[in-house]
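Within every chain, numbering begins at 1; the chains are lettered A, B, ... in the order of the sequence lines, protein sequences first and strands thereafter. Heavy-atom basis, side chains included; hydrogens, waters and symmetry copies ignored.
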Amino acid sequence: MAADAATRVSFMSERFEPSSADGKWQLIWDERQCFRADDASDKPRSYVLEMFPYPSGRIHIGHVRNYTMGDVLARYKRMRGFEVLHPMGWDAFGMPAENAAMEKGVHPGGWTRDNIAAMKKQLKRLGFALDWSRELATCEPDYYGHEQALFLDLYEAGLVYRKESAVNWDPVDMTVLANEQVIDGRGWRSGALVEKRKLSQWFLKITDFADELLEGLTTLEGWPEKVRLMQENWIGKSQGLRCTFRFVDSADGIEVFTTRPDTMFGASFVAIAADHPVAQQMAETVPELAAFIAECKQGGTTAAELETAEKQGFNTGLSVEHPLKPAWHLPVYVANFVLMEYGTGAVFGCPAHDQRDWDFAKKYQLPIVYVVSPDGEPAGDEAHLGGGNLINSGFLDGMSVPEAKATVIARAKHDGWGQGETQYRLRDWGVSRQRYWGTPIPFIHCDACGVVPVPKEQLPVVLPEDVDFQTPGNPLLRHPTWKHVDCPKCGKPATRETDTLDTFVDSSWYFLRFASQPGDKPFDPVAIAKWLPVEQYIGGIEHAILHLLYARFWTRALQRIGLIDVKEPFASLFTQGMVTHETSTSTVQFSLGGIIVAPELVEFTNGIAHFVGNGSVLDVEPVAQSGAVAPYVPPYMVEKRGNLAFLRGSDYPVDIGRVIKMSKSKKNVVDPDDIIEQYGADAVRWFMLSDSPPERDLPWSEAGIEGCARFVQRLWRLFGQYDATATGEDKALDRKRDQIVHAAAQDIEALGFNKAVARIYELTSATEKSAPSASRSAAIKALLLLVAPMMPHLAEEAYAAMDEGLIADAAWPPVDPALLIDDEVTVAIQVLGKLRDTITVAKGLPNAELEVLALASEKVQRALDGKAVKKVIVVPDRLVNIVA
RNA sequence: GCGGACGUGGCGGAAUCGGUAGACGCAGGGGACUUAAAAUCCCUUGGGCAUUGCCCGUGUGGGUUCGAGUCCCACCGUCCGCACCA
């Protein structure tokens with residue numbers, strides 16, 4: 001392709017101008033559809049994906065970091081000859097749209113679609129190499145309609161069911177939450193204390209996959225250990241014995257689950273949860289117990305409260321038989337530390353080997369019998385939790401803990417009072433939400449036929465747009481016509497399900513829809529097989545459990561019912577750190593007629609503070625004097641002078657505080673649009689990649705971004721010195737060039753962007769310092785290709801002036817393997833492990849010669865000070881250590 | 001309480017296998033250019049002593065080793081996840 005008028009550039013201008021260049025190249029990439037993924041391509045494939053955003057209205061700096069990383073990888077992969085799929089979409093259902101509707105009187109759909117348009121524009125300004133032809137929004141019927149179809153498929157396969165259960169009710173968002181969405185007893189979004197309510201709910205049988213999901217973690221080598229561990233803990237598999245403790249002289253009993261069947265001979269009581277049916281029934285006739293149960297329910301569930309809460313019990317007076325020794329009777333307590341939600345809601349207490357049981361036994365003077373001892377002697381003054389051999393346990397005596405566990409389980413099964421069982425912490429996923437702005441659940445309630453699935457040919461069940469938000473609650477319930485339909489089975493009048501799906505369902509399969517977007521079905525299995533799994537997924541650690549567990553589950557569920565042939569959706573996962581920023585607080589406070597004025601509403605003329613609204617002169621008072629809390633100041637109002645900071649345009653000092661996550665309330669947010677405007681997309685992208693390793697937090701700084709913008713110009717000047725006609729060889733520079741090209745490639749593949757950046761600086765300096773030669777020009781060109789994935793606009797602009805075509809279509813520079821190996825090496829000379837000298841020698845010099853050279857060193861001889869050499873250690877090409 | 005990650009200059013960090021600690025960037029200091037500023041370029045920058053040079057230094061204390069930021073043990077601190085999970 002010849003350089004045409006649009007792309008022809010010269011280095012006439014001294015400065016690179018992002019304000020004109022950025023938009024120009026973005027348009028060219030768009031017009032030529034440079035980043036459109038070709039399904040039919042026979043190149044090797046690479047699917048690079050970043051977690052798609054919720055369209056809140058504006059992208060934040062965290063998105064910029066996330067998408068820049070993915071973009072560098074995607075562009076790099078393209079340069080390496082891969083057919084790259086790098087799509088973008090919108091996780092567009094959710095509460096904020098409804099909140100906006102209620103607060104501003106706008107429609108959630110209109111609000112969301114406006115936001116998408118605005119954010120898309122912002123993403124385009126950053127020059128991301130995205131395949132926009134595959135853009136999708138989960139709030140559109142052509143997405144959620146297919147989701148409804150998949151939901152029905154899962155229903156048919158028995159993986160969707162409906163049941164009445166106690167659920168987590170968020171009183172602020174007025175909806176149900178899944179267990180994963182309750183954090184410290186509060187709603188993950190609203191922060192409101194969650195209540196328990198009984199409701200009929202739709203559930204997905206994620207527990208059917210508990211073992212698979214756990215096992216699958218071991219295959220995910222490209223995932224951070226931390227995330228795998230978090231999911232493992234969340235699934236919470238534990239193996240043990242489920243058995244019955246029969247009431248004395250009765251056929252009935254209490255079912256108990258334990259992971260320590262080996263300690264059964266140490267049992268001294270049975271404890272049941274306050275809401276255990278036995279306790280509930282007894283409470284009806286025993287007021288003292290009813291009072292105790294009520295007291296248990298008052299206890300808080302936060303970490304601190306649990307830590308300090310005392311173990312409390314209520315002796316029911318009931319007795320049960322010990323299964324292994326029926327003549328032995330144990331008392332039954334209702335205890336505040338037993339949870340109905342886990343296991344069977346009942347435990348047997350073995351004080352010697354469980355700290356909670358120990359505390360409980362001490363309080364209620366119950367026997368404590370050691371049955372496991374590490375060395376044949378009973379342990380000390382607290383519960384012994386470790387291993388050892390069985391004692392005081394009849395036929396188990398002398399066995400190891402695992403042996404005893406197996407023996408007791410076998411005995412229980414043989415005698416018919418229990419069996420081995422695996423328990424999971426994971427619960428089924430409740431997906432019903434009592435909200436409007438979500439995917440309608442495709443079911444119909446008929447008085448005669450019960451719950452009937454919407455026939456597939458009637459999909460999508462479209463969300464009505466004519467709703468009002470004047471009254472709180474779900475507007476679908478109040479809609480005059482929408483919910484009234486005829487029953488698909490019997491034809492009589494029936495009503496639609498008015499709950500919608502949890503938005504985490506929407507994000508559980510979007511990565512499949514990106515691979516292909518047929519109109520008549522959710523996806524094309526052939527395309528899925530081509531593109532999936534995602535080679536590299538990038539997003540925030542906050543989704544370690546929620547989204548990432550749900551997406552794994554959906555993929556496995558769809559695989560089980562035969563729709564796709566993929567088990568794990570994301571081969572590699574990368575969780576990036578946050579962008580942080582220092583906080584600033586004003587040392588003075590402004591007021592007008594006694595009313596405090598926020599710093600943003602202050603402007604300075606000649607250092608005098610005026611109210612922005614009407615220009616009135618403001619009263620200024622030191623914060624320390626007024627005793628008020630120092631007001632936070634947004635970054636644009638802070639002016640640094642040397643080591644000090646002031647309110648811009650004044651002499652009022654500002655205190656620079658801790659570097660923390662950007663948040664509106666701390667006013668330390670920087671807006672991506674502002675910084676792109678000021679420094680250009682490439683400088684912003686470069687900053688996102690520099691300095692901090694990508695998994696760690698990145699502190700935003702004014703000085704840092706300015707440094708990046710300077711580097712953009714420095715490269716521009718260097719690129720301008722490219723001379724295709726230069727002659728002469730600079731072997732050292734050639735070597736450096738290829739070594740850095742090679743190392744930077746490895747860094748990018750390992751997502752070590754900060755290291756790649758450091759190497760690029762290094763090559764830049766070396767090239768600048770070199771004399772004109774063909775080598776120098778080659779180094780400049782290599783540098784240009786090296787920075788292309790990171791600073792694509794600068795790279796296109798410079799490339800247009802020196803070569804034909806687009807850098808978006810250029811290949812990664814080839815490397816001469818011979819140049820990767822140095823022919824000279826610097827060898828460290830140590831005496832007794834301390835560095836005394838270095839010598840530069842030919843690579844591969846034999847050890848004996850190195851030793852001779854080392855001993856010949858004047859500095860070595862001085863350090864030896866006449867002492868006899870005992871031993872010499874030589875590491876070829878690296879080091880000589882002389883032991884004297 | 002359980003599990004995990006981390007701790008290196010003024011700051012962000014590098015050191016991939018146990019082998020020259022501090023690459024690279026930011027900030028600081030000095031200088032050149034300029035009437036001046038910006039921009040740019042050069043030098044310098046872990047601490048201490050000092051004449052060549054030497055000593056100390058990767059949270060603390062031990063250990064292994066010819067050699068430890070890296071491995072082992074104990075402790076301190078920060079952050080994250082889970083949590084009366086039987």
Side-chain angles (χ1 to χ4, degrees), chain A residues 14-15 183-184 224-227 229-234 236-238 240-241 256-260 263 271 273 299 301-303 305-307 309-311 335-339 341-350 354-357 359-360 385 423-425 541 544-545 640 642-643 659 686-687 690-693 695-699 701-708 710-711 713-714 717 743 746-747 750 752 754-762 764-765 768 826-838 859 862-863 870-875 877-884:
Chain A
E14 252 171 53
R15 282 179 56 82
I183 293 148
D184 280 342
E225 191 55 41
K226 179 191 171 79
V227 176
L229 206 71
M230 281 166 74
Q231 292 210 353
E232 190 184 317
N233 290 338
W234 188 265
K237 179 177 184 172
S238 52
L241 169 72
V256 156
F257 175 73
T258 179
T259 54
R260 294 296 304 271
T263 64
T301 51
T302 67
E305 283 167 318
L306 290 177
E307 201 107 327
E310 205 178 331
K311 305 282 172 286
N336 65 343
F337 64 91
V338 180
L339 305 173
E341 299 85 52
Y342 189 79
T344 60
V347 298
F348 78 78
C350 176
D354 183 293
Q355 195 57 48
R356 286 162 308 171
D357 296 347
D359 296 344
F360 193 78
L385 307 176
Q423 280 280 339
Y424 297 91
R425 200 178 156 278
I541 185 73
I545 293 169
K640 300 247 171 101
N643 283 327
V659 176
W686 187 252
F687 185 93
S690 308
D691 293 349
S692 287
E695 69 277 10
R696 279 201 229 169
D697 288 351
L698 170 68
S701 82
E702 200 68 10
I705 183 68
E706 274 164 16
C708 292
R710 276 200 302 272
F711 184 62
Q713 298 302 337
R714 186 174 152 202
R717 287 191 299 273
Q746 287 185 324
D747 288 336
N754 56 323
K755 293 187 220 171
V757 161
R759 292 187 209 283
I760 289 169
Y761 275 116
E762 213 182 313
T764 304
S765 293
E768 282 171 338
T826 303
V827 173
I829 314 290
Q830 296 178 342
V831 177
L832 283 165
K834 286 190 184 228
L835 183 75
R836 294 299 167 185
D837 201 359
T838 58
K859 289 173 185 169
R862 199 185 315 140
K870 285 187 198 146
K871 192 161 130 190
V872 179
I873 290 139
V874 181
V875 182
D877 294 336
R878 296 219 68 151
L879 162 146
V880 179
N881 188 11
I882 296 157
V883 185

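- Within the 4.0 angstrom heavy-atom criterion, only backbone atoms of the sugar-phosphate kind lie near R878(A); the bases stay farther away.
- Residue V757(A) is classed as having no contact, given no heavy-atom separation below 4.0 Å to the nucleic acid.
- Residue L229(A) is in sugar-phosphate contact alone, with no base atom involved, counting any heavy-atom pair closer than 4.0 Å across all strands shown.
- Comparing rU16(B), rA86(B), rG19(B) against the side chain of L339(A) picks out rA86(B) as the nearest.
- Here the separation of rC55(B) from rC6(B), taken at their P atoms, is 33 Å to the nearest Å.
- Remark: side-chain polar atoms of R836(A) are not paired, donor with acceptor, to backbone N or O of I829(A) under 3.5 angstrom.
- Straight-line distance from the NZ atom of K226(A) to the C1' atom of rC79(B): 8 Å, rounded to whole Å.
- Between the CH2 atom of W686(A) and the P atom of rC24(B) there is a distance of 14 Å, rounded to whole Å.
- Across all strands shown, rG9(B) has no partner, as no Watson-Crick or G-U wobble contact with both distances under 3.5 Å is found.
- Between F337(A) and R759(A), the one whose closest nucleotide on RNA chain B sits nearer the 5' end is R759(A).
- A distance of about 38 Å separates the C1' atoms of rA68(B) and rA83(B), rounded to the whole Å.
- Salt-bridge check for K237(A) with E232(A): failed, with every basic side-chain N at 4.0 Å or more from each acidic carboxylate O.
- In this structure, Y761(A) reaches the sugar-phosphate backbone alone: every heavy-atom distance under 4.0 Å involves primed, P, OP1 or OP2 atoms, never a base.
- Each of rC24(B), rG12(B), rC54(B) was ranked by its minimum atom distance to the side chain of P699(A); first place goes to rG12(B).
- In this structure, of rC26(B), rG19(B), rG53(B), it is rC26(B) that holds the atom nearest to the side chain of A703(A).
- Base orientation of rC76(B): anti, since the glycosidic angle falls outside 90° of 0.
- Here the C1' atom of nucleotide rA27(B) and the CD atom of E702(A) are 14 Å apart, to the nearest Å.
- When both pairing distances are held under 3.5 Å, rG19(B) makes a Watson-Crick or G-U pair with rC66(B).
- Comparing the P positions of rA86(B) and rC76(B) gives a spacing of 27 Å, expressed to the nearest Å.
- Atom C1' of rG9(B) sits at a distance of 10 Å from the matching atom of rG57(B), rounded to the whole Å.
- Atom CD1 of I545(A) and atom CE of M230(A) lie 4.5 Å apart (nearest 0.5 Å).
- Comparing atom distances between the V883(A) side chain and each of rC66(B), rC82(B), rG81(B) picks out rC66(B) as nearest.
- Distances shown here put a side-chain N or O of K834(A) below 4.0 Å from the OP1 or OP2 atom of rC56(B).
- As rounded to whole Å, 15 Å separates atom P of rG18(B) from atom CG of L879(A).
- E232(A) has its CD atom 15 Å from the P atom of rA83(B), to the nearest Å.
- Note: Y761(A) and F711(A) have tilted aromatic rings, judged against thresholds of 30 and 60 degrees for the angle between ring planes.
- Checked by atom type and distance alone, the side chain of S692(A) pairs as donor or acceptor with a backbone atom of D697(A) at under 3.5 Å.
- Rounded to whole Å, the separation between the C1' atoms of rC11(B) and rC17(B) comes to 31 Å.
- Within 4.0 Å of R696(A), counting heavy atoms only, lie sugar-phosphate atoms of the nucleic acid but no base atom.
- When the C1' atom is compared between rC66(B) and rC75(B), the two are found 29 Å apart, to the nearest whole Å.
- Of the possible polar contacts, none joining the D747(A) side chain to the G752(A) backbone as a donor-acceptor pair under 3.5 Å is found.
- A distance of about 45 Å separates the P atoms of rA39(B) and rA5(B), rounded to the whole Å.
- Between rU20(B), rG13(B), rC82(B), one nucleotide has an atom nearer to the side chain of P693(A) than all others, and that is rG13(B).
- For rG9(B), the base is syn relative to its sugar; the glycosidic angle is within 90° of 0.
- When side chains are defined from C-beta on, D691(A) does not count as touching N754(A), because their heavy atoms never get closer than 4.5 Å.
- The residue T259(A) sits close only to the backbone: its heavy atoms come under 4.0 Å of sugar-phosphate atoms, none of a base.
- Comparing rC85(B), rC41(B), rC66(B) against the side chain of K871(A) picks out rC66(B) as the nearest.
- When both pairing distances are held under 3.5 Å, rG46(B) makes a Watson-Crick or G-U pair with rC56(B).
- The side chain of R836(A) places an N or O atom within less than 4.0 Å of a non-bridging phosphate oxygen (OP1 or OP2) of rC54(B).
- Contacts of V347(A) with the nucleic acid, taken as non-hydrogen atoms under 4.0 Å apart, include base atoms.
- Minimum atom distance to the side chain of E762(A) is reached by rA23(B), of the listed rU20(B), rC85(B), rA23(B).
- Here the C1' atom of nucleotide rC80(B) and the CD atom of E225(A) are 15 Å apart, to the nearest Å.
- Checked by distance alone, K755(A) brings no side-chain donor or acceptor within 3.5 Å of a matching partner on the base of rC24(B).
- Side-chain contact check for K859(A) versus V831(A): every heavy-atom pair is 4.5 Å or farther apart.
- Taking atom CZ on R710(A) and atom C1' on rC24(B), their separation rounds to 15 Å, with Å as the unit.
- Atom CD of Q231(A) and atom C1' of rG4(B) are 15 Å apart (whole Å).
- T826(A) comes within 4.0 angstrom of a base, heavy atoms only.
- For rU64(B) and rC79(B), the C1' atoms lie 31 Å apart once the distance is rounded to whole Å.
- rG61(B): Watson-Crick or G-U partner is rC73(B), with both key distances under 3.5 Å.
- Between W686(A) and V757(A), the closest side-chain pair of non-hydrogen atoms falls below 4.5 Å.
- Of all nucleotides present, only rC82(B) satisfies the Watson-Crick or G-U wobble test against rG1(B), with each distance under 3.5 Å.
- In this entry rA38(B) has no Watson-Crick or G-U wobble partner, no candidate having both defining distances under 3.5 Å.
- Among the protein residues, N881(A) comes within range of the nucleic acid bases, having at least one heavy atom under 4.0 Å from a base atom.
- For K859(A), whose side chain is taken as the heavy atoms from C-beta onward, the closest listed nucleotide among rG19(B), rG53(B), rC82(B) is rG53(B).
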